[in-house]
Protein chains: 2
Amino acid sequence: MWEDRRGRIDHDGPATLWAQVVADIEADIAAGALSAGSRLPTELELAEIYGVARGTVRRAVADLAERGAVVVVHGRGTFVANNR
Amino acid sequence: MWEDRRGRIDHDGPATLWAQVVADIEADIAAGALSAGSRLPTELELAEIYGVARGTVRRAVADLAERGAVVVVHGRGTFVANNR
DNA sequence: GATGATTTGTGCGTATGTATC
DNA sequence: CGATACATACGCACAAATCAT
């Protein structure tokens with residue numbers, strides 16, 4: 001499920017890296033590959049998976065959280081939201 | 001206390017943005033609205049509050065810290081100085 | 001309860017590219 | 001051209017919340 005996804009990120013195109021990460025994760029949620037309540041990899045793991053910096057992952061997660069797609073819990077992790 | 005302050009920043013005038021942020025925060029400290037030891041919003045929050053970039057906030061905070069108005073603590077935040 | 005590991009939160013410093021004045 | 005400002009992105013360090021031992 002969370003193998004190497006560096007190939008999905010275009011570092012040279014016009015789209016920002018964090019937006020590409022958002023789109024990729026949101027596609028998994030929409031496809032049902034990520035069930036509600038399930039935990040995402042840690043920020044550091046996501047950074048490795050996508051081949052970007054942790055700060056870039058945090059921007060992506062912040063965007064997902066702002067739109068209610070995920071819920072972030074300090075000290076625990078990031079989870080797919082229940083109510084969509 | 002930390003609502004939208006974009007209206008206090010003049011993006012077209014002669015004064016630099018970071019100097020305006022410095023003046024605005026320092027005015028609050030002088031007025032006692034910001035008590036000694038209280039924490040300021042994060043750099044990103046201040047950037048949103050004033051409608052400027054993070055780099056601009058960092059310049060403002062660096063200036064305040066250099067003059068002893070605030071104390072920046074690595075990993076914790078920025079606090080209003082005690083000794084004035 | 002104490003300790004340590006894990007994970008997110010915050011900040012530091014820097015770099016690149018673009019745009020405007 | 002230089003200074004200012006914005007947005008993005010990187011890497012690192014330390015703090016705080018949580019959880020397992």
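Each chain gets a letter, A, B and so on, in the order its sequence line appears, and its residues count up from 1. The figures here come from the full heavy-atom set of this structure, side chains too, leaving out hydrogens, waters and symmetry mates.
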(request) Please determine if a side-chain N or O atom of B:Arg58 lies less than 4.0 Å away from the OP1 or OP2 oxygen of C:dC12. (result) yes
(message) Taking atom CZ as the centre, does A:Arg6 end up with more than 12 heavy-atom neighbours from other residues, nucleotides or ligands that are less than 6.0 angstrom away?
(response) no
(request) Starting at atom CG of A:Leu17, determine the distance to atom P of D:dG11, rounded to an integer number of angstrom. (result) 11 Å
(message) Of the options D:dA7, D:dC10, D:dA17, whose atoms approach the side-chain atoms of A:Ala53 most closely?
(response) D:dC10
(request) Kindly say whether, by distance alone, the side chain of B:Arg54 makes a donor-acceptor pair under 3.5 Å with the base of C:dG11? (result) no
(message) Can you measure B:Glu48 atom CD to C:dT10 atom P for me and round it to whole angstrom units?
(response) 12 Å
(message) Whether B:Asp63 and B:Arg59 form a salt bridge (side-chain N of Lys/Arg under 4.0 Å from carboxylate O of Asp/Glu) is what I want to check.
(response) no
(message) Under 4.0 Å from OP1 or OP2 of D:dT8: is there any side-chain N or O of A:Thr56 that close?
(response) no
(message) If you compare every side-chain N and O of B:Trp18 against the phosphate oxygens of D:dT4 (OP1, OP2), does one of them come in below 4.0 Å?
(response) no
(request) Please figure out whether B:Arg59 or A:His11 has its closest DNA chain D nucleotide nearer the 5' end. (result) B:Arg59
(request) Figure out the CZ/P separation between A:Arg39 and C:dT6, and round it to whole Å. (result) 12 Å
(message) Without decimals, in angstroms, what is the distance between A:Asp63 CG and D:dA9 P?
(response) 12 Å
